[in-house]
Amino acid sequence: MITPIRWEADRLLLLDQTLLPVEERVREYTRWRDVAESIRSLVVRGAPAIGCAAAFGVALAARESRARDGETLLADLEEAFKGLAATRPTAVNLFWALDRMRAVASAHQALPVPALQLRLLGEAQAILEEDLAANHALGAHGADLVPEGARILTHCNAGALATAGYGTAVGVIRAAHERGKVALVWVDETRPVMQGSRLTAWEMVKEGIPHKLISDVAAGFVMKRGEVDLVVTGADRIAANGDTANKIGTYSVAVLARHHGVPFYVAAPFSTIDASIPSGAAIPIEERDASEVRGMGGRQTAPAESPVYNPAFDVTPAELITGIITERGIFRPPYSFT
Ligand code: MRU
């Protein structure tokens, strides 16, 4: 089993995703600021995974504090809440997990400090375990939709690495593969950070799932040839109307899928739904460094002077989404998640 995040004794362990697929190195964290940096620098990435890591970041902040009473501890935690929230703006799971940790801290502030520290660690562990369970449940729901001998296209990495384990979109693929339904997974390489080729393809190899890596620009061609039966991707934030932010390029895949009559599914746990946002227009889109577009693997592939626009996510309008697969079942348009 691929375990990207785990707690051991007094520390958080993260599989460093920036080094995959070349090297499998686990890094250890005992300070919340380092956890924040690991989220910012993509050591840990993927919406549910950054929520889990941030929750453990808060638990670490509580252990770092010298407070002698709950009220002072809560005041100390504010800096960690702010610092962790400032790491990445798009995936709502980060803010969802921080809100959950804040609620536990304030509900139990009357406890002695060691008990409150333990309570916060317990909540982070619960977030991790619940995410894993949600992925198994949504994987099973999604696998029901997959036809025998399916050829499935996915974008980015919504796998075990992007979650507490098992994955969302890749969870659906895993569950369908366990039922013997998957003939082939088309893995989009996912420029510019290459989560498809570096991470999803790595997971496919580990699991022995038949797959072929394609450049992002080949997706339309394989659909035109009738070689894709369905698309399934993950999500970073789903608005109340079903509009879905996910890795840059997802929208292009959804448009291509509609043009070619291929069903386009999104798979995500309920922690990815942001009911406070009416539509995708209000989803904040992270912009990342120009160097990601001007080069690849440390090699310059564009003039250093060329201005760059590098949005890390895009929004797929609800009308292009055939269904949203969650742990509570499959939602269809018009979307309503209550
Ligand atoms: O920039 P990343 O790698 O964090 O982006 C990840 C994605 O866009 C995933 O598809 C999404 O978070 C879903 S993960 C289950």
Side-chain angles (χ1 to χ4, degrees), residues 1-5 15-26 42 44-49 131-132 135-136 138-143 145-219 221-223 225 227-235 246-250 253 256-257 262-268 296-297 325:
M1 193 172 115
I2 299 165
T3 311
I5 305 170
L15 178 60
D16 186 343
Q17 301 189 31
T18 64
L19 302 177
L20 292 172
V22 178
E23 188 184 340
E24 290 179 38
R25 191 190 303 170
V26 174
L42 310 183
V44 58
R45 36 62 55 199
D131 187 62
L132 185 58
N135 294 338
H136 280 279
L138 71 83
H141 290 307
L145 297 168
V146 175
E148 295 291 337
R151 294 147 315 163
I152 307 173
L153 185 142
T154 191
H155 190 72
C156 192
N157 172 263
L161 291 167
T163 62
Y166 202 71
T168 57
V170 174
V172 172
I173 291 169
R174 272 199 169 85
H177 175 67
E178 283 158 19
R179 296 185 200 175
K181 287 175 148 185
V182 178
L184 185 70
V185 179
W186 293 108
V187 178
D188 277 1
E189 62 180 357
T190 317
R191 270 287 283 157
V193 180
M194 317 302 276
Q195 290 92 335
S197 57
R198 291 189 305 104
L199 308 176
T200 302
W202 180 79
E203 291 197 29
M204 297 292 113
V205 169
K206 284 241 163 201
E207 298 276 334
I209 300 176
H211 66 286
K212 269 187 193 157
L213 188 59
I214 50 172
S215 61
D216 300 325
V217 285
F221 184 62
V222 292
M223 286 188 201
R225 287 167 58 113
E227 294 185 44
V228 181
D229 299 302
L230 75 151
V231 175
V232 59
T233 75
N246 192 51
K247 181 50 54 196
I248 191 73
T250 304
V253 174
L256 286 170
V262 173
F264 179 94
Y265 289 99
V266 167
M296 247 181 98
I325 304 161

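- Looking at heavy atoms from C-beta onward, L161 lies in side-chain contact with R45 at the 4.5 angstrom threshold.
- A side-chain donor-acceptor contact under 3.5 Å links T154 to the backbone of V232.
- Of all the heavy atoms in G234 and A169, the pair that sits closest is N-CB, 3.7 Å.
- With rounding to the nearest 0.5 angstrom, the CG atom of L138 is 7.5 Å from the CD1 atom of I325.
- Pairing each heavy atom of A47 with each of A235, the nearest pair is CB-O, 3.7 Å.
- In this structure, the side chain of K212 does not engage the main chain of L184 through any donor-acceptor pair within 3.5 Å.
- Within the 3.5 Å criterion, the main-chain N or O of R151 finds no donor-acceptor partner in the side chain of E227.
- To the nearest 0.5 angstrom, D131 atom CG is 10.0 Å from H136 atom NE2.
- Between the side chain of R174 and the main chain of G159, no donor-acceptor pair closer than 3.5 Å is present.
- A donor-acceptor pair is defined here as one N or O able to donate and one able to accept, closer than 3.5 Å; no such pair exists between the side chain of K247 and the backbone of C156.
- The two atoms that bring H177 and P210 nearest to each other are CE1-CD, 4.0 Å, heavy atoms only.
- The distance from the CG atom of L256 to the CE atom of M223 is 5.0 Å, given to the nearest 0.5 Å.
- When all heavy atoms are compared, the tightest approach of N135 to Y166 is O-CD2, 3.7 Å.
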Exercise. Please assess V170 against T163 for the test side chain to side chain contact (heavy atoms under 4.5 Å, CB included), listing each intermediate value before the final yes or no.
Key: CA-CA 10 Å; V170 174; T163 62; over 6 Å; no

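- At a threshold of 4.5 Å between non-hydrogen side-chain atoms, the residues H155 and D216 count as touching.
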Exercise. Check step by step if side chain to side chain contact (heavy atoms under 4.5 Å, CB included) holds for M194 and L199.
Key: CA-CA 8 Å; M194 317 302 276; L199 308 176; over 6 Å; no

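- Applying the side-chain hydrogen bond (donor to acceptor under 3.5 Å, both in side chains) rule to K206 yields the partners E24; only residues at least two apart in sequence or on another chain are considered.
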Exercise. Begin from the C-alpha positions of D229 and I152 and carry the test side chain to side chain contact (heavy atoms under 4.5 Å, CB included) through to its verdict.
Key: CA-CA 6 Å; D229 299 302; I152 307 173; over 6 Å; no

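- Residues A140 and A175 approach most closely at N-CB, 4.1 Å, considering heavy atoms.
- For residues 189-201, the side-chain hydrogen bond (donor to acceptor under 3.5 Å, both in side chains) pairs, not counting sequence neighbours, are N157-T200.
- The nearest pair of heavy atoms linking A162 to P48 is O-CD, 3.3 Å.
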Practice problem: Kindly indicate, with the supporting measurements, whether the criterion side chain to side chain contact (heavy atoms under 4.5 Å, CB included) is fulfilled by H211 and V205. | Solution: CA-CA 8 Å; H211 66 286; V205 169; 3.7 Å; yes

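- Here the side chains of W202 and I2 are in contact, with some heavy-atom distance below 4.5 Å.
- Exactly one of L230, I214, V185, V262 qualifies for a side-chain contact (heavy atoms from CB on, under 4.5 Å) with L153. That residue is I214.
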